[in-house]
Structure formats: C-alpha cells, structure tokens
Enquirer: 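The structure's right below; bear with me while I get my questions together.
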Amino acid sequence: IRWCEAPESDPDTARQKRLLEMLFGLLYGLDRASEFEGAMATWRAHSTLRAEVGTLCAHLRQFSTLLERHLHLPGDVPLTGHARYRAEELGIAYARRSKAGRFYAPQSGVEFVPDVQHDLLLVTLDKAGKSKLPHLQYRDFALSSTEFHWQSQASTALDSAKGRRHVDHASQGVTPVLCVREQPRDERGIALPYRLLGPASCLRHEGERPISIVWKLEVPMPMEIVQEARAAIA
C-alpha cells in the first residue's frame with residue numbers, strides 16, 4: 001500500500017523493487033514490467049488505479065486466512081509460503097528474462113534458475129485436459145502434509161543433467177521448489193495461479209523416463225492444500 005499512498009517514493013531494496021515489478025506485470029503486462037522506470041512512471045500517473053489497488057489490498061488483508069510461512073528463499077525473491085502466484089509473478093520473482101531482456105512466465109513443468117540454483121517444479125494436479133496424451137499423465141499427489149509424490153517430465157533420464165538435479169540435488173547445490181495448482185484454467189479460460197509449497201528434498205525415487213520422486217517439504221502443507229493435492233488420485 002505504501003506505493004499507492006506515496007507513489008513518488010522509490011523502493012529501498014531489491015526485494016521491494018521485485019514486488020513492484022510483480023505488480024506491474026499483473027497490471028501492465030510482462031513487457032512493460034521489464035522496463036522498471038517506464039512502468040513506475042505509468043504507475044505514478046495512474047492515481048485512480050493506485051487508489052483502487054490500495055483500497056482492495058487493505059480490504060483483502062482484513063479477510064485473508066493465509067498464515068505467512070517463512071521459506072528459505074534468496075532475500076530478493078519476495079514470495080510467501082502457501083500463497084498463490086500466477087506464472088507471470090513467479091517468473092518476475094525469480095527475475096526470469098529472455099535474451100532480449102524481457103520478463104517471461106515459465107511455460108514448462110520445470111524451470112531451472114541458475115542464478116540461485118533453484119528448480120521450480122510447476123505442477124497441475126488435474127490432468128483431465130491431457131486425457132488423450134498418456135505420456136503426460138504424471139502421477140502428482142500429496143502423500144501427507146510433508147510428502148508429495150511427483151513425476152519428472154517423460155523424457156528425463158537419471159543420468160541426464162535434469163535427472164541429476166532432481167535426485168542428487170544436494171550435491172549439485174540445487175534447491176527444488178514445489179508450486180502446485182489444482183487445475184490449469186478457470187471456467188473463463190484464464191490460467192489459475194500456483195500455490196507455493198516451497199523448498200523440498202528428495203526422500204526417495206524410482207524409475208526413469210519419467211522419474212518418480214517423493215519430495216519431503218521443508219514446511220508442512222495446510223490440510224486444505226493436502227486435500228486438494230490428494231484429490232488428484234481420487
């Protein structure tokens with residue numbers, strides 16, 4: 001709300017700047033958000049929009065049931081455990097840019113972020129839309145509040161770079177980060193956000209192409225998320 005009430009102020013930290021870029025990505029699109037100064041100038045000029053966003057944020061904060069969960073993420077990655085984020089927000093939060101310098105939204109199920117050595121695992125539980133593609137029927141579901149069964153992309157072999165990042169991530173210096181949503185789109189056809197479940201470690205694995213992995217989550221899932229994630233095998 002600070003930048004709604006005092007738009008002339010500049011962010012004091014990289015984390016605050018990243019939060020504004022995430023907001024600009026939702027309001028103005030990824031291309032505009034990629035040019036921070038230009039997006040900030042647009043934001044400062046939109047007094048009515050700022051007022052509406054400020055009012056909406058204040059209202060939603062009163063009724064939010066989200067318990068902020070601290071996750072061990074890099075300091076400039078402004079994400080809250082168990083909150084919902086669109087793919088565009090995740091892309092900006094991790095500063096994913098194309099060769100042309102533009103922010104982009106991760107499109108595949110695995111997005112490796114070499115700058116911080118994080119593997120974003122983007123999971124959609126409901127596979128109904130892929131019923132005619134058997135090789136995409138991955139078995140992704142919750143086993144408990146701290147364990148999640150996941151399958152890699154169909155072509156991933158154990159001795160591949162991606163496979164080693166999954167099953168031997170500790171020695172590779174890689175942190176898997178699990179992001180889960182129940183369905184890909186809502187009834188309007190709009191892409192739904194992911195729940196950020198956070199960092200995980202490989203508890204056990206078997207097979208390859210795909211590799212089946214049971215992840216142990218750093219922070220337990222709330223029961224409502226467990227129920228959503230179990231519904232995938234109901």
Side-chain angles (χ1 to χ4, degrees), residues 69 71-74 77 79 81-85 87 90-91 93-94 96 105-131 133-184 192-234:
R69 308 279 179 159
L71 302 177
H72 291 103
L73 301 177
V77 176
L79 300 176
H82 301 157
R84 291 183 174 89
Y85 296 101
L90 293 171
Y94 274 95
R96 306 305 293 142
Q107 298 295 322
S108 64
V110 177
E111 176 76 14
F112 181 53
V113 186
D115 292 348
V116 293
Q117 291 289 97
H118 278 198
D119 236 355
L120 299 183
L121 310 178
L122 306 176
V123 178
T124 299
L125 298 171
D126 184 355
K127 307 298 194 296
K130 299 178 179 179
S131 59
L133 301 172
H135 68 290
L136 296 180
Q137 295 299 306
Y138 305 117
R139 289 178 53 76
D140 303 326
F141 51 88
L143 292 169
S144 69
S145 63
T146 57
E147 295 183 8
F148 192 95
H149 183 281
W150 174 86
Q151 287 188 314
S152 70
Q153 292 167 314
S155 60
T156 305
L158 283 170
D159 63 354
S160 66
K162 190 178 292 185
R164 289 191 294 272
R165 288 206 317 266
H166 294 333
V167 303
D168 198 22
H169 58 86
S171 65
Q172 298 278 322
V174 173
T175 300
V177 178
L178 201 59
C179 308
V180 174
R181 62 183 177 184
E182 191 171 2
Q183 296 178 323
L192 289 171
Y194 293 88
R195 285 265 203 170
L196 179 65
L197 301 189
S201 57
C202 178
L203 198 59
R204 56 186 179 273
H205 68 87
E206 63 179 9
E208 61 181 334
R209 296 190 177 93
I211 306 170
S212 295
I213 297 177
V214 173
W215 298 110
K216 183 175 179 60
L217 292 163
E218 178 183 283
V219 177
M221 291 179 277
M223 186 50 62
E224 63 175 288
I225 304 179
V226 175
Q227 291 172 346
E228 289 176 3
R230 280 179 171 169
I233 57 171

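Source: prediction; values computed, not measured.
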Enquirer: Quick one: CG on D159 to CZ on R164, what's the gap to the nearest 0.5 Å?
Expert: 6.5 Å

Enquirer: Heavy atoms only: give me the nearest C202-I213 pair and the separation to one decimal.
Expert: SG-CG2, 3.8 Å

Enquirer: What closest approach, in Å, do L121 and P176 show between heavy atoms, and which atom pair accounts for it?
Expert: CD1-CB, 4.1 Å

Enquirer: Go through the steps to decide whether S212 and Q151 satisfy the test side-chain hydrogen bond (donor to acceptor under 3.5 Å, both in side chains), and finish with yes or no.
Expert: CA-CA 5 Å; S212 295; Q151 287 188 314; 2.9 Å; yes

Enquirer: Identify the heavy atoms of P106 and A87 that sit nearest to each other, and give their distance.
Expert: CD-O, 3.3 Å

Enquirer: Please confirm whether the backbone N or O of R195 pairs with a side-chain atom of R84, one donor and one acceptor, at under 3.5 Å?
Expert: no

Enquirer: Stepwise, does the side-chain contact (heavy atoms from CB on, under 4.5 Å) test hold for H82 with V219?
Expert: CA-CA 9 Å; H82 301 157; V219 177; 3.9 Å; yes

Enquirer: Using only atom types and a distance under 3.5 Å, with no angle test, would you say the side chain of Q117 pairs donor to acceptor with the backbone of D115?
Expert: no

Enquirer: Test side-chain contact (heavy atoms from CB on, under 4.5 Å) on V123 and W150 and set out the steps.
Expert: CA-CA 8 Å; V123 178; W150 174 86; 3.5 Å; yes

Enquirer: To the nearest 0.5 Å, tell me how far F148 CZ sits from L143 CG.
Expert: 8.5 Å

Enquirer: As an exercise, state the distance from OG of S144 to NZ of K216, rounded to the nearest 0.5 Å.
Expert: 7.0 Å

Enquirer: Can you sort out the partners of T156 under side chain to side chain contact (heavy atoms under 4.5 Å, CB included), two or more places apart, ordered by chain and number?
Expert: S152, Q153, S160, K162, H166, I211

Enquirer: Would you name the heavy atoms of L197 and M221 that are closest together and state the gap between them?
Expert: CD1-SD, 3.6 Å

Enquirer: Compare all side-chain heavy atoms of V110 with those of L120 and state whether any distance is below 4.5 angstrom.
Expert: no

Enquirer: Within 45° of the axis and under 6.0 Å from the centre of the six-membered ring of F112, does NZ or CZ of R165 qualify?
Expert: yes

Enquirer: Just so I know, are the side chains of L203 and W215 near enough to count as touching, which here means a heavy-atom distance under 4.5 Å?
Expert: no

Enquirer: side-chain contact (heavy atoms from CB on, under 4.5 Å) between L73 and Y94: does it pass, once the steps are laid out?
Expert: CA-CA 10 Å; L73 301 177; Y94 274 95; 3.7 Å; yes

Enquirer: How far does CD of E111 sit from CG of L90, to the nearest 0.5 angstrom?
Expert: 10.0 Å

Enquirer: Determine whether Y85 and L79 make a side-chain contact, defined as any pair of heavy atoms from C-beta on separated by less than 4.5 Å.
Expert: yes

Enquirer: Would a 4.5 Å heavy-atom cut-off, applied to side chains only, mark L196 and V177 as touching?
Expert: yes

Enquirer: Could you tell me if the side chain of P210 sits less than 4.5 Å from the side chain of R139, heavy atoms only?
Expert: no

Enquirer: Once rounded to the nearest 0.5 Å, what's the spacing between atom CG of D168 and atom NE2 of H205?
Expert: 8.0 Å

Enquirer: Atom OG1 in T175, atom NE2 in H72: separation rounded to 0.5 Å?
Expert: 10.5 Å

Enquirer: Kindly give the heavy-atom pair with the smallest separation between G81 and L71, and that separation in Å.
Expert: CA-CD1, 3.4 Å

Enquirer: Of all the heavy-atom pairs spanning P193 and R181, show the shortest one and how long it is.
Expert: O-CB, 3.2 Å

